[in-house]
Amino acid sequence: MKGIYSALLVSFDKEGNINEKGLREIVRHNIDVCGVDGLYVGGSTGENFMLSTDEKKRIFEIAMDEAKGQVKLIAQVGSVNLKEAVELAKFATELGYDSLSAVTPFYYKFDFNEIKHYYETIINSVDNKMIIYSIPFLTGVNMSLEQFAELFENEKIIGVKFTAADFYLLERMRKTFPDKLIYAGFDEMMLPATVLGVDGAIGSTFNMNGKRAKEIFNLTKDNQIDKAREIQHLTNDFITDLLGNGLYQTLKGLLQEAGVDAGYCRQPMKESTEEMKIKTKEIYNKYFA
């Protein structure tokens with residue numbers, strides 16, 4: 001389960017319907033061109049929290065069918081609706097996903113006992129594994145080392161997608177839980193996270209930048225820090241340009257430039273303007289042509 005995982009983008013048509021052909025092409029691009037080790041399906045990058053339960057299930061099905069067992073698959077099933085999360089967990093497990101993941105429950109200010117109950121309810125409903133998805137800047141949920149330890153007492157909870165800039169907590173977690181999987185969640189901080197001993201990374205930019213991500217990870221593991229730093233610098237130049245033009249719209253536009261039918265974003269995300277499309281072409285030519 002170690003390595004580089006793309007947080008899978010999803011192609012939608014202009015009316016917001018799942019574009020199956022495009023989604024299949026995105027899966028293939030990640031595997032065949034970017035060379036990722038796995039796919040993280042149903043996360044923020046997949047616009048998951050704007051989808052119905054049936055749409056989420058269909059995306060799980062398409063990704064599984066198109067990946068053809070060539071890479072590891074993690075299904076993000078988390079939801080503020082716990083019944084939906086359990087339903088999705090059972091569905092993804094029956095499909096054969098290698099692990100589940102679930103974002104910490106958000107919006108309401110749940111206490112830790114409620115969060116623990118949420119994870120245990122999901123994972124105890126299936127014969128599968130669970131990776132906690134910790135992303136405090138979006139959920140508002142900050143967990144301590146002691147709280148992670150309490151969750152990890154359940155042997156089916158095997159790790160965490162750590163999308164936070166708290167590198168002290170990351171270091172403490174790596175030292176305290178050597179047998180748990182820790183994935184870096186911030187693409188722009190991948191090199192220092194790898195130095196601290198993460199087992200891999202899960203990122204949205206890997207849909208286009210997967211090769212460089214693998215280089216950073218492998219070079220750092222081989223202690224070739226200077227070379228890894230150069231690629232991280234280039235990667236962060238790319239990320240800066242990407243964020244300045246609209247993250248998801250630009251990623252999909254870059255895939256279009258690469259010949260992938262990446263489609264549109266789901267409303268209420270805006271459609272790319274002509275100015276954004278021009279900038280996307282410039283970014284593609286600068287980093288990928």
Side-chain angles (χ1 to χ4, degrees), residues 1 5 7-8 10 39-60 73-95 97-166 169-170 172-173 176-177 180-186 202-204 248 266 268-269:
M1 294 291 294
Y5 286 69
L8 189 68
V10 174
L39 300 173
Y40 187 86
V41 186
S44 311
T45 306
E47 300 167 61
N48 175 78
F49 304 110
M50 296 182 284
L51 305 179
S52 71
T53 305
D54 286 343
E55 287 172 322
K56 294 173 186 180
K57 288 180 176 179
R58 186 62 188 135
I59 290 165
F60 287 149
L73 296 177
I74 300 171
Q76 197 293 124
V77 301
S79 171
V80 179
N81 181 342
L82 183 53
K83 287 187 176 181
E84 181 193 42
V86 169
E87 183 179 342
L88 291 173
K90 291 178 178 178
F91 186 81
T93 298
E94 289 170 3
L95 286 176
Y97 273 72
D98 296 285
S99 178
L100 305 175
S101 182
V103 69
T104 48
F106 52 90
Y107 189 80
Y108 302 101
K109 294 187 181 300
F110 299 102
D111 65 29
F112 178 69
N113 286 332
E114 291 169 326
I115 292 170
K116 183 179 179 182
H117 172 73
Y118 163 88
Y119 279 112
E120 292 187 341
T121 300
I122 297 170
I123 197 56
N124 291 339
S125 71
V126 292
D127 182 16
N128 208 332
K129 302 176 286 290
M130 169 63 70
I131 295 164
I132 297 164
Y133 180 12
S134 178
I135 183 166
F137 83 102
L138 287 181
T139 62
V141 179
N142 286 283
M143 290 193 293
S144 67
L145 186 69
E146 292 74 21
Q147 289 171 334
F148 276 111
E150 196 168 331
L151 292 175
F152 286 153
E153 287 176 4
N154 188 323
E155 292 183 356
K156 295 169 77 174
I157 300 179
I158 62 170
V160 57
K161 179 187 177 189
F162 189 87
T163 308
D166 187 345
L169 177 58
L170 176 61
R172 294 287 83 189
M173 289 181 66
T176 307
F177 312 116
K180 297 295 183 180
L181 292 168
I182 302 178
Y183 299 95
F186 274 137
I202 299 170
S204 56
Y248 299 126
R266 191 77 175 268
M269 288 190 185

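Note that the numbering runs from 1 along the sequence shown for the chain. Just so it is clear, the model here is predicted, and its values are computed rather than measured.
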State, with a plain yes or no, whether a side-chain heavy atom of [X] is found less than 4.5 Å away from one of [Y].
X: T45; Y: L8; answer: no
X: Y183; Y: I131; answer: yes
X: N154; Y: N124; answer: yes
X: V41; Y: Y97; answer: yes
X: L181; Y: V160; answer: no
X: I157; Y: I132; answer: yes
X: F106; Y: P136; answer: no
X: L73; Y: Y40; answer: no

Provide the closest heavy-atom pair for [X] versus [Y] in the form atom of the first, atom of the second, distance.
X: I122; Y: A89; result: CG2-CB, 3.8 Å
X: Q76; Y: F60; result: O-CZ, 3.4 Å
X: V86; Y: S125; result: CG1-OG, 3.7 Å
X: I115; Y: P105; result: CG1-CG, 4.0 Å
X: G185; Y: T163; result: CA-OG1, 3.3 Å
X: K57; Y: F91; result: O-CE2, 3.3 Å

When you measure from the centre of the six-membered ring of Y133, is the NZ or CZ of K161 under 6.0 Å away and within 45° of the axis? yes

Within this structure, what is the [atom1]-[atom2] distance for the pair [X] and [Y], rounded to the nearest 0.5 Å?
X: F152; Y: K180; atom1: CZ; atom2: NZ; value: 6.0 Å
X: Q147; Y: N113; atom1: CD; atom2: CG; value: 9.0 Å
X: S144; Y: M173; atom1: OG; atom2: CE; value: 10.0 Å
X: E120; Y: M130; atom1: CD; atom2: CE; value: 11.0 Å
X: S101; Y: I202; atom1: OG; atom2: CD1; value: 6.5 Å
X: T139; Y: N142; atom1: OG1; atom2: CG; value: 7.5 Å

Output yes when a side-chain donor or acceptor of [X] lies under 3.5 Å from a complementary backbone atom of [Y], and no otherwise.
X: K156; Y: V126; value: yes
X: Y119; Y: A102; value: yes
X: K129; Y: I158; value: no

Given the rule in the side chain to side chain contact (heavy atoms under 4.5 Å, CB included) test, do L151 and F112 qualify, once you have shown the distances and angles that lead to the verdict? CA-CA 10 Å; L151 292 175; F112 178 69; 4.0 Å; yes

Taking side chain to side chain donor-acceptor pair (under 3.5 Å) as the test, write out the residues that go with R172, two or more places apart.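 Result, side chain to side chain donor-acceptor pair (under 3.5 Å) vs R172: none returned.
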
Partner set under side chain to side chain donor-acceptor pair (under 3.5 Å) for E84, not counting sequence neighbours: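 With neighbours one apart ignored, the set is T53, K56, S79.
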
Given L39 and Y5, is the side chain to side chain contact (heavy atoms under 4.5 Å, CB included) satisfied, shown in steps? CA-CA 5 Å; L39 300 173; Y5 286 69; 5.7 Å; no

Would you say D111 has more than 12 foreign heavy atoms packed within less than 6.0 Å of its CG?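 Result for CG/D111: enclosed.
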
Plane angle bin for F137 and F186 - parallel if under 30°, tilted between 30 and 60°, otherwise perpendicular: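 Plane angle between 30° and 60°, so tilted.
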
Step by step, work out the side chain to side chain contact (heavy atoms under 4.5 Å, CB included) result for M143 and E150. CA-CA 11 Å; M143 290 193 293; E150 196 168 331; over 6 Å; no

By salt bridge (charged side-chain N to carboxylate O under 4.0 Å, His left out) - contacts of D98 (at least two apart):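 Expected list: K72.
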
